[in-house]
Amino acid sequence: FALPLPLGTGQDAYEKIRAGASLVQMYTRLSYEGPYAVPTIKRDLAALLKRDGFSSVQEAVGADVKDQLKAKPAAKPASKGWF
């Protein structure tokens, strides 16, 4: 899914990707810096992906959510009866 939130840095993009975004909006940064912002964001994002052991953006999509689901204890089964 897409998170149309203002994006300023590669770190911003990475946080949104790890939260589940598969598309990020760069309009705000592009409106101030023009196309020169793209290589900087790509370089920063690539470094963060490499640092955390991901070989692609797709691997990182939702990583924080997946980690939380693994850490969450299993739900107790519903009781049978009135009490």
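Nothing fancy with the numbering, it's 1 onward along the sequence. Quick caveat, the model's predicted, so the values are computed rather than measured.
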Close side-chain approach of L45 to I17, heavy-atom, < 4.5 Å: yes
For [X] and [Y], work out which heavy atoms get closest and say how close.
{"X": "T9", "Y": "R29", "value": "CA-NH1, 3.6 Å"}
{"X": "F54", "Y": "R18", "value": "CE1-NH1, 3.2 Å"}
{"X": "E59", "Y": "G53", "value": "OE1-O, 4.2 Å"}
{"X": "A60", "Y": "L49", "value": "CB-CD2, 3.6 Å"}
{"X": "M26", "Y": "V38", "value": "CE-CG2, 3.7 Å"}

Interatomic spacing from CG in L48 to CD in E15 - rounded to 0.5 Å: 9.0 Å
Y14 and D52 side chains, donor-acceptor separation under 3.5 Å: yes
